[in-house]
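What you are looking at is a predicted structure, and each value in this text was computed from that prediction instead of being measured. So you know, we letter chains A, B, ... as the sequences are listed, proteins then strands, and number each from 1.
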2 protein chains.
Amino acid sequence: MCHHCDYKSLLEQSGLGASENRLSVLEVIGNNSYPLSAGDIFKTVERHSAINRVTVYRILDVLVDHGIVDRISTGGRAFYYGLAPNSHHQPHSHFYCKHCGQMDCLNPESLSVDANLLKKTFPGRIDKVEVRVDGICKNCIK
Amino acid sequence: MCHHCDYKSLLEQSGLGASENRLSVLEVIGNNSYPLSAGDIFKTVERHSAINRVTVYRILDVLVDHGIVDRISTGGRAFYYGLAPNSHHQPHSHFYCKHCGQMDCLNPESLSVDANLLKKTFPGRIDKVEVRVDGICKNCIK
DNA sequence: AATTTTAATGCAAATTTTTTGCATTAAAAG
DNA sequence: CTTTTAATGCAAAAAATTTGCATTAAAATT
């Protein structure tokens, strides 16, 4: 749960209307300590207010397009969504458990990437460098 | 195109029968300089010999399970497949162009990851660390 | 305040990618 | 030559996401 983010102004700062649904989706993502799938988000929002699955997908697209939320690819089939790095959240990588499918955020200090040389020499445009660690989480390993 | 890999013995060393189809799939993957989707692989193999799409998926599963091929997640919907690192191919990361969907292999020197601290402290099992760079490739940027 | 325009949402259906179940063929072992 | 196992094919299902079009809600304009 994030005490620093004001989701309403996060939306407004990006020129997005802060509709009920957008706020709900963003809150579910932001208040969770690990990334969630679109399906997870849908189920969670749906518990408290009526929303359509497609609306969730569309809101996620908008949030990702505006850089508020990050779309994170797993070693599985679905994308997961988490708050994009901002002044309160530094960039970090993720762990994906191939047994239970849960993603966890990794401590930024435990893993470092140096892409400076690439950024200097790459002939295209680089938008993001995603690091994902795959394996079996401590709960599933037993 | 890889001149060093003997695909037949790669299969046999893993205790896998070197069927016509398995060889075709592995050759398509190995002779390509960048990872391909299951669909790409299917279409390519199909040009020269009759094969079913499902067979391609099953062969890919077997090859991944035996560590011959790596399943690489993209910023898009489908998985891509490339030769797993071995004595002739050192581990490297990939670039994914979100416009045309092509993946490219990045020079291992241009990007370095240090996961030592994570490996020491992580309470689960770590199988692989995948680094993917997303952006727009030089062809699509024009 | 009524009307027009734009933005957000819903619903049904389609698409894409991958998986499953079961039948068939081919290869290996006995 | 027969039995067993491995590999493949085909049809259908499943999962995740996307599309098209209708509807409602909000914002802007008259």
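Arg132(A) places a side-chain N or O within 3.5 Å of a backbone atom of Ser73(A) that can act as its donor or acceptor partner. Judged purely by atom type and a 3.5 angstrom limit, Ser14(B) has no side-chain atom pairing as donor or acceptor with the backbone of Leu16(B). Under a 3.5 Å cut-off, the side chain of His88(B) and the backbone N or O of Asn86(B) do not form any donor-acceptor pair. For the pair Arg71(B) (side chain) and Phe79(B) (backbone), a donor-acceptor distance under 3.5 Å is absent.
Asn52(B) CG to Phe42(B) CZ: the interatomic distance, rounded to the nearest 0.5 Å, is 6.5 Å.
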Under 4.0 Å protein heavy-atom contacts per nucleotide of nucleotides 12-27 of chain D, with B for base, S for backbone only and - for none: ---BBBBBB-------
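A heavy-atom distance below 4.0 Å to DNA chain C is reached by these residues of residues 9-28 of chain A, ordered by number: Gly17(A), Ser19(A), Asn21(A), Arg22(A).
Remark: Asn52(A) is in phosphate contact with dC11(C), judged by side-chain N or O atoms under 4.0 Å from OP1 or OP2.
Classified by interplanar angle (parallel below 30°, tilted 30° to 60°, perpendicular above 60°), the ring pair Tyr80(A)/Tyr96(A) is perpendicular.
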Derivation and outcome, side chain to side chain contact (heavy atoms under 4.5 Å, CB included), residues Leu26(B) and Leu83(B): CA-CA 8 Å; Leu26(B) 188 50; Leu83(B) 276 195; 3.8 Å; yes
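Linking Ile, Leu, Val, Met, Phe, Trp and Tyr residues whenever their side-chain heavy atoms come within less than 4.5 Å leaves Leu60(B) and Ile72(B) in two separate clusters.
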